[in-house]
Amino acid sequence: MLLGTVLVLLLFGAAPASAHAALRTTDPDDGSVVRQAPRSVTLTFTESVGLLDDSFRVFGPDQRRVHTGEATHADGRSDTARVGLPGKLAQGTYTVAWRVVSADSHPVSGAFTFSVGKRSATTTQIDTGPDEDPLTGGLYDAARYLAYLAAALLVGAAAFALLCRPADRSPLRRPLVTAWWTLLGSTVVLLLLRAPYEAGAGPAAAFDASALGRTLTGRPGMALLARLAVLLLTAVFLVWLSRSRDRRDRREPVALAAGTTLAVGLALTWAAAEHASAGIQVPLAMTSSVLHLLATGVWLGGLVALLLTLRRSSGENLTEVVPRFSRIAFASVTVLVVTGVYQSWRGLGSVSALSGTSYGRLLLAKLVAVTALLLAAGYSRRWTARLAAPATARTVAVRERVAQPVGAPPPPEATAEPGTPDAEEPEQPEAPAPESGDGDGNGDVRRRGLRRSVFIEVAVAAVVLLITTLLTTTLPGRAQAEAARQAPVGALPPTTLVTVPFDTGADTVTGRGTVQVTVDPARVGENGVQAVVYGSDKGLIVVPELRVTFTLPSRKVGPIDAELTDAGGYWSTNSVNLPLPGTWTMKTTVRVSDVDQVTVSKQVRIVS
């Protein structure tokens, strides 16, 4: 039923942007040929990005790295990145490798090309820079998982103590302390590893003072610093809570308000630096993320607290504590379902992304695990009802014996003479003897059954948190669809380069030569066409007219005039619509003077 609900809600449309930055445009254009060397390279992304010391790596036609300036945001816009180039660039093709940090804290990288004057052959694979160091990535992911576990236990155990009000809180003291120290340690590790994680470097780079300083001024680093501050306040709160045992009733509202504030602050340190902080509907997504994290902690962390209470308690007060937690857990699951459905829609964008993306497949795995968790929770609720039933029966029986109608005669045992064997104090009525199945032995059986079912819930919950950690580091399906529309990372753009030899018969340098025509991306739909004319001496020449047309003889389509315009040294257009796949005939007409011109035909393959 849960999966069906998700699928139904996913049918609502998709918005144009999502978490993880995707490259939107480049200046110069990807794959373009420019007459003069540009003074800078500018990238525009789908969301704001953070810059690194090595955000740009520019390689020349000889595959050597070009010295560049410092990466900055163009015109003060946070969704852009710009780097200055040297004043003089040689002719040929340049490759720009880039690496930035998206607003949701994840590094993103890629590469594109542009040419100055003419294209040159690129025969070797360009080093686009480090992607991710395996050791750094493994340590960072492990610290993230520990942080999730510790936060869930910390929030859940504290909520269990305040909301379920067990008579003995001593079993919760150790898990609270352990969770606090684990979250503190994992947060420090994340703070140290943040710089090498962003740069794709090894763990040793964590001790670079300049890199650490840059981390502390970025959004992820500031969120981690805020988490440390909240943890210090939490430590003060836990100490105060442990010393307020004698005046528990009077301080309970204050404790609930303070605990809720700290829990929300803790959840915000995640929401402010991950998927919810970027993309569509950010305010709603942040609210949903905070509620989702809190509900996860109250439920899953509370399960651990309940398990420890069941193991250490002798049975007193359990018949009140367990039903309270059952109601709280049900409310938490309701919040988790609502926020989980919204976050799934926001991250996926379409039903096809469920099976077509890594994010969608991980989400399916999480849904299976959550379904198993709900089944285990339902089993636990049955044990909870059995454990609470004897207490309910005893309470009703006592009320029936004690409560009498106004003016009714006293019960027989109350009229006995003092000192007789039948005399009994009316203010201390005895509970009725337990019926078969309600004895202490069966109570132990119920507690053991509940402990087993809760232990299964805790084990499955650990798997759910592991999948959640993987989801936070995986490119969402919506963003992956955007990125798929960009050029492949580290690869040349998908273009078709056709060399067209020509000979007008004129005995001059311009009378014969070649035309290099580039069709980009050589697919059905809008295409760009660039053409550069070379004379017999292999140098660039200027001709008064260059015309390119496309015809598809098999379907009797065309001729379609590319309508090239002189861009100063080369001819170009970005709006040639080739509507059908197939082998097109490209006719190139070169006019070198008022009377000398020639038309040459070449075949060009257009794919769907």
Side-chain angles (χ1 to χ4, degrees), residues 21 23-45 49-101 107-131 198-201 210-211 214 486-487 489-493 495 497 516 518 520 528 530-534 538-542 566-572 574:
L23 181 62
R24 177 174 287 163
T25 61
T26 66
D27 183 19
D29 291 337
D30 188 0
S32 65
V33 180
V34 297
R35 180 181 179 183
Q36 295 181 342
R39 300 302 302 270
S40 63
V41 171
T42 304
L43 310 181
T44 303
F45 296 89
V49 295
L51 303 178
L52 306 171
D53 290 341
D54 204 25
S55 274
F56 286 93
R57 296 160 61 87
V58 181
F59 299 89
D62 57 358
Q63 312 304 315
R64 294 183 179 179
R65 187 169 179 178
V66 177
H67 177 73
T68 60
E70 182 181 358
T72 60
H73 290 294
D75 303 324
R77 293 175 50 187
S78 61
D79 62 344
T80 62
R82 174 177 288 174
V83 66
L85 297 175
K88 293 183 179 180
L89 293 178
Q91 286 189 341
T93 300
Y94 289 79
T95 301
V96 181
W98 52 268
R99 184 182 182 89
V100 297
V101 181
V108 185
S109 59
F112 72 97
T113 64
F114 69 92
S115 301
V116 177
K118 64 178 182 178
R119 298 182 186 276
S120 59
T122 304
T123 58
T124 60
Q125 181 68 27
I126 298 297
D127 177 17
T128 60
D131 183 17
E198 290 179 349
S210 61
R214 187 178 64 250
Q486 311 301 325
V489 174
L492 291 175
T495 61
L497 178 62
Q516 287 192 351
T518 302
D520 177 15
Q530 293 84 35
V532 182
V533 185
Y534 299 95
K538 308 301 182 183
L540 287 173
I541 61 173
V542 178
D566 188 354
Y570 72 100
W571 298 74
S572 176
N574 290 318

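Remember, it's a predicted structure, so these values are computed and weren't measured experimentally.
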Close side-chain approach of [X] and [Y], heavy atoms under 4.5 Å:
X    : Y   : value
V100 : L51 : yes
V41  : L85 : yes
W98  : V83 : no

Gap between atom [atom2] of [Y] and atom [atom1] of [X] - 0.5 Å precision:
X   : Y    : atom1 : atom2 : answer
T68 : R82  : OG1   : CZ    : 14.0 Å
D30 : T113 : CG    : OG1   : 5.5 Å
Q36 : L89  : CD    : CG    : 11.5 Å
T95 : R57  : OG1   : CZ    : 12.0 Å

| What residues form a ring pair (Phe, Tyr, Trp, His ring centres under 6.0 Å) with Y94, not counting sequence neighbours? | F114
| query | In chain order, what residues pass the side-chain contact (heavy atoms from CB on, under 4.5 Å) check against D27, with sequence neighbours excluded? | reply |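 Only T42 meet the side-chain contact (heavy atoms from CB on, under 4.5 Å) criterion with D27.
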| field | Counterpart residues, side-chain contact (heavy atoms from CB on, under 4.5 Å), relative to E70 (two or more places apart) | value | none
Testing the basics here: between [X] and [Y], what is the closest heavy-atom pair and its distance to 0.1 Å?
X    : Y    : result
R35  : V116 : O-CG1, 4.3 Å
P28  : F112 : O-CE1, 3.7 Å
G117 : V532 : O-CG1, 4.0 Å
H73  : S78  : CE1-O, 3.4 Å

| With no hydrogens and no angle check, is any side-chain donor or acceptor of S55 less than 3.5 Å from a backbone partner on R99? |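 Between the backbone of R99 and the side chain of S55 there is a qualifying donor-acceptor contact (under 3.5 Å).
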| query | Taking the side chain from D75 and the backbone from R77, do they hold a donor-acceptor pair closer than 3.5 Å? | reply |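 No.
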| query | Does CZ in R65 sit with more than 12 non-hydrogen atoms of other residues, nucleotides or ligands closer than 6.0 Å? | reply | yes
| said: Do T93 and S115 pair up side chain to side chain, a donor and an acceptor below 3.5 Å, judged on atom types alone? | reply: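 The criterion, which ignores hydrogens and geometry beyond distance, is satisfied for S115 and T93.
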